[in-house]
Every structure is written in structure tokens, then in C-alpha cells.
A.B. asks: 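This is the structure I have questions about; it appears just below.
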There are 2 protein chains.
Amino acid sequence: MDHETKERLETFLTQKGLRRTAQRAAILEAAFGTTEHFTAETLLTMARDRDPSVSRATVYRTLALLTETGLLKELDLGKDFKFYDPNYSKHPNHHHIICNDCDKIVEFESKDIEQLESEISHKLGFTIGSQKIEIRGNCEDLKKKGVCSNQTGCEKKKT
Amino acid sequence: MDHETKERLETFLTQKGLRRTAQRAAILEAAFGTTEHFTAETLLTMARDRDPSVSRATVYRTLALLTETGLLKELDLGKDFKFYDPNYSKHPNHHHIICNDCDKIVEFESKDIEQLESEISHKLGFTIGSQKIEIRGNCEDLKKKGVCSNQTGCEKKKT
DNA sequence: TTAAGTGCAAACCGTTTGCACATAC
DNA sequence: GTATGTGCAAACGGTTTGCACTTAA
């Protein structure tokens, strides 16, 4: 976790008047110690690696705090559970391209597309709020290696 | 429901070897008798207006058949339930702009955006599959009239 | 006649919440 | 000391499913 992120998290705790608990520390380190997208369940696992006492309830409660402050972005990728994106506050305008084979997620930005969307919205009588683009396709790994690099990205289990 | 749609539904039933039941008829008429997006629950209500014997289970089972055949498009609009789009098979490349105030959904297409997305995907090493764009904003109704036209679009209740 | 379809109620599963206990301040 | 935070288990809500009954073909 870089220094800037650490500082942002400190500010977050202070401004909201939140207590520094061991569980919150473990969850924050887990969430922002990666640039990968994760689910509530994988975050629980990662946080428990740091502090086994972390409960599922606290993970969900902390996720709610982080998303409403904008430190995490909630993603709806068509699965029946949510993903969380720890890169959003640094790159608020990025979009996602997702591999259908291995669920690998790559981020991109495009001023051109944003401009076009803005024009279309205006023509349709809308004041634009947010834009979300999700491209699905196939990454090169399957073709090249016969298997994607990330086949294990989505399995989940309870404890 | 126009003649072309009717024909498509006939083909759908025949090709899948599905029986023509009163309940299916009611659900199909409800689903394709509108160009609006709907939820499973609103479809249940609409189908029951035609045949009160329709059950929630049959609605869900029929929705599964229609989406896997491509006659309906399942939409994930960030709510905790799914929307279904009956216009998709006629306009497979359209996207959505949604009013944050009233949940009004307007559809649009853009070859330019598709082209840009295609280029970006290629650069990132992806073979493009599908593209999904969701713009959120505010429609003009609230500003003009002080209220959106569609405030009742999303409430749901069980029976 | 009989396999496909249906309604009902229970199960499912990710997420939320009430409550009693623990703890940061 | 006390309000905030926590773990646990139960509740929640949209969706799915097992089962016995119905019905189209």
C-alpha cells in the first residue's frame, strides 16, 4: 500500500470519527494492498490472513463505509455478487474489459468515448451523471497458451 | 405485438419443442406487448392481468427460456433485481441512458463509440465479444415540471 | 397415454441486521 | 465509563428448485 493511499485512509477514519480497530486495519490493508478487483468473500479471506478474527459482517459493514466515501467502487459485472475496485479513487474515469474465458479484468480510459457519450446524452435531453462501459471478449492467453492465466479468479467458498 | 414478433415467438416455441400453454401465452403477450423494460415481478403482474393462474415460478422459467434464445435481453442496472429488454432482438446494438430521478430508460446506438471500443479492445489484446454502455444522468422532466414522469417505475410488491 | 409444464412452498445464496458482548477512546 | 464496533446467527429478498398434480399432444 503506497503512502498516498495510507494517508487517504487515515483521513477517512478521522473525518468519519471512526475508531481504529484491529479488524478494520486488516480489512483496509487487504483491500488496498492489491490493485486487483475483489468480492466481499475474497476480501474476507484476505483480511483473515492478517487477522483471523475478522467476520463476514464486519467486512460488509466496512465495504459500505468505503463505497459511500468513494474509496472503493462497487462493480456490477453481471454475476450474482458484487465486485469492488480499489483503483477507482485514483482513476475515477476508467472502464472495464473482461475476458469471458478467465474473468480477467483490464482497465482503460477514453476521452473520445466520454465526449461522444456526453453529446448523445445532451441530444436525448439528459444531464450526464456517470458513464459505465463494460466490454466482454476474449483475451489472448487462451489462444496462445491454450489456457487463461486467471481461471481461478472467481471461485468462492464459505467458512 | 406486431406480426414479426408473433412469428418469431411461434418459431421459438416450435424449434424448442415447447408446448403452447395458457400461461406461456399470457407471459409472452405481456412481455412483447410492450417496448418498456420490465422486471420479473412486473411481468408477473402483467401476465396475471391476462391469466390470473400464472405463477411466479413459471414467469422465471419462461424468462430463462427467452433470454437463452436471445428474444429477451437481461439487463443489470445496478439494482438488486434484473430488468428485461424486449427490444433487444430487433436492435442488438443498443445501449441505455437512465434517469437517476425517475429511472426512465432511453435507448441509443452509436457506431462511432462501437468503433472506438473495438480499437481499444484490440490494443489491449482482446477479441471483442459484446459491448455494454450505461449512462446515468438526469432527464429534463424534473427541471421542467418539478417532477419526473416515471416516479412509479420501480416499486414492487409480492402477492 | 405420458412426457412436459405448472403451482406451491421450501431452499438457495449473497447480503443485511438485531443483539449481547467487547473495546477504543 | 460509554458510545462505537464486533461476531454470531437469524432474517431478508430475489431467484431457483423438488415434488405432486395438470395438461397438451
Side-chain angles (χ1 to χ4, degrees), chain A residues 9-10 12-28 30-31 37-45 47-48 50-69 72 74-84 154-159, chain B residues 9-10 12-28 30-31 37-45 47-48 50-69 72 74-84 154-159:
Chain A
L9 293 178
E10 280 307 310
F12 156 70
L13 292 170
T14 306
Q15 285 195 343
K16 289 221 139 195
L18 297 171
R19 292 183 180 172
R20 284 126 222 264
T21 67
Q23 292 88 344
R24 267 182 195 150
I27 293 169
L28 294 180
H37 302 66
F38 49 81
T39 65
E41 201 62 27
T42 54
L43 180 58
L44 175 63
T45 305
R48 279 184 174 167
R50 291 164 167 89
D51 181 342
S53 82
V54 172
S55 73
R56 189 169 282 109
T58 298
V59 166
Y60 278 104
R61 288 190 271 235
T62 306
L63 282 172
L65 289 171
L66 292 168
T67 50
E68 78 196 24
T69 322
L72 282 182
E74 202 175 274
L75 299 181
D76 235 311
L77 301 182
K79 306 264 177 187
D80 45 4
F81 43 84
K82 287 168 189 151
F83 284 82
Y84 295 88
C154 268
E155 86 291 6
K156 305 170 69 257
K157 59 173 175 289
K158 288 257 180 176
T159 308
Chain B
L9 293 178
E10 280 306 309
F12 157 71
L13 291 170
T14 306
Q15 286 193 345
K16 290 223 137 191
L18 297 171
R19 293 182 179 171
R20 284 128 222 263
T21 66
Q23 292 87 344
R24 268 182 194 149
I27 293 169
L28 295 180
H37 303 66
F38 49 80
T39 65
E41 202 60 25
T42 53
L43 180 58
L44 174 63
T45 305
R48 278 184 174 168
R50 292 163 165 89
D51 180 343
S53 81
V54 172
S55 73
R56 188 168 284 110
T58 298
V59 165
Y60 277 105
R61 288 191 271 236
T62 306
L63 281 173
L65 291 170
L66 291 169
T67 49
E68 79 195 23
T69 323
L72 281 183
E74 203 175 274
L75 300 181
D76 235 311
L77 300 183
K79 306 263 175 188
D80 46 4
F81 42 84
K82 289 168 188 152
F83 283 81
Y84 296 89
C154 269
E155 85 290 5
K156 306 168 69 253
K157 60 172 175 290
K158 289 254 179 178
T159 307

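All values derive from a computational prediction rather than experimental measurement. Letters go in sequence order (proteins before strands), and every chain restarts at 1.
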A.B. asks: With a 4.5 Å limit on heavy-atom distance, are the side chains of B/Q15 and B/T69 in contact?
C.D. replies: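 In short, these two side chains do not touch, never coming nearer than 4.5 Å.
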A.B. asks: For A/E74, check side-chain hydrogen bond (donor to acceptor under 3.5 Å, both in side chains) against everything at least two apart and list the hits.
C.D. replies: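 Partners of A/E74 by the side-chain hydrogen bond (donor to acceptor under 3.5 Å, both in side chains) criterion come out as none, since no residue qualifies.
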A.B. asks: Can a side chain N or O of B/Y60 be found less than 4.0 Å away from OP1 or OP2 on D/dT15?
C.D. replies: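 B/Y60 to D/dT15 OP1/OP2: side-chain N or O found under 4.0 Å.
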A.B. asks: Just to verify, what does B/D51 make a side-chain hydrogen bond (donor to acceptor under 3.5 Å, both in side chains) with, not counting sequence neighbours?
C.D. replies: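 For B/D51 the side-chain hydrogen bond (donor to acceptor under 3.5 Å, both in side chains) partners, ignoring immediate neighbours, are B/S53.
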A.B. asks: What is the distance, to the nearest angstrom, from the CG atom on B/L77 to the P atom on D/dG14?
C.D. replies: 15 Å
A.B. asks: Quick one: B/L43 CG to D/dG14 C1', roughly how many Å, whole number?
C.D. replies: 15 Å
A.B. asks: What's the CG-C1' distance between A/D80 and D/dT15, to the nearest Å?
C.D. replies: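 Going from CG in A/D80 over to C1' in D/dT15 covers 9 Å.
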A.B. asks: For B/E10, which residues count as a side-chain hydrogen bond (donor to acceptor under 3.5 Å, both in side chains) partner, sequence neighbours excluded?
C.D. replies: B/R20
A.B. asks: Return no unless some side-chain N or O of B/T58 is found under 4.0 Å from OP1 or OP2 of C/dG7.
C.D. replies: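 B/T58 to C/dG7 OP1/OP2: side-chain N or O found under 4.0 Å.
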A.B. asks: What integer distance in Å separates B/L44:CG from D/dG13:P?
C.D. replies: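 For the pair B/L44 CG and D/dG13 P, the rounded distance is 17 Å.
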A.B. asks: Which whole-number value in Å describes the distance from B/L13 CG to C/dG5 P?
C.D. replies: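 Interatomic distance, CG of B/L13 to P of C/dG5: 10 Å.
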A.B. asks: Looking at A/R24, does any N or O in its side chain come under 4.0 Å of the phosphate oxygens OP1/OP2 on D/dG5?
C.D. replies: yes
A.B. asks: Provide, to the nearest angstrom, the distance between the NZ atom belonging to B/K82 and the C1' atom belonging to C/dG14.
C.D. replies: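 Value for this atom pair: 12 Å.
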A.B. asks: Please enumerate all residues that pass side-chain hydrogen bond (donor to acceptor under 3.5 Å, both in side chains) together with A/R19, with sequence neighbours excluded.
C.D. replies: none
A.B. asks: Are there any protein N/O atoms within less than 3.5 Å of an N/O atom in nucleotides 23-25 of chain C, and if so, which ones and at what distance?
C.D. replies:
from, atom 1, to, atom 2, distance (Å)
C/dT23, O2, A/R19, NH1, 3.4
C/dA24, N3, A/R19, NH1, 3.3
C/dC25, OP1, A/R20, N, 3.1

A.B. asks: If you assign each of A/V54 and B/R61 to its closest nucleotide in DNA chain D, which residue comes earlier from the 5' end?
C.D. replies: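 Counting from the 5' end, the first nearest nucleotide belongs to A/V54.
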A.B. asks: Kindly indicate whether the side chain of B/F38, heavy atoms from C-beta on, has any atom under 4.5 Å from the side chain of B/L72.
C.D. replies: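 They are in side-chain contact.
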A.B. asks: Taking only side-chain nitrogens and oxygens of B/Q23, does any of them come within less than 4.0 Å of OP1 or OP2 of C/dG5?
C.D. replies: no
A.B. asks: Could you go through residues 57-64 of chain B and list every donor-acceptor pair under 3.5 Å that involves a side-chain atom there, pairing it with any protein atom two or more places apart or in another chain?
C.D. replies:
from, atom 1, to, atom 2, distance (Å)
B/T58, OG1, B/S55, OG, 3.3
B/T62, OG1, B/T58, O, 2.8

A.B. asks: Just compare C/dT15, D/dT15, D/dG7 and give me whichever is closest to any side-chain atom of A/R56.
C.D. replies: C/dT15
A.B. asks: Between C/dC13 atom C1' and A/E41 atom CD, what is the distance in whole Å?
C.D. replies: 11 Å
A.B. asks: Expressed as a whole number of angstroms, how long is the span from B/D51:CG to C/dG5:C1'?
C.D. replies: 13 Å
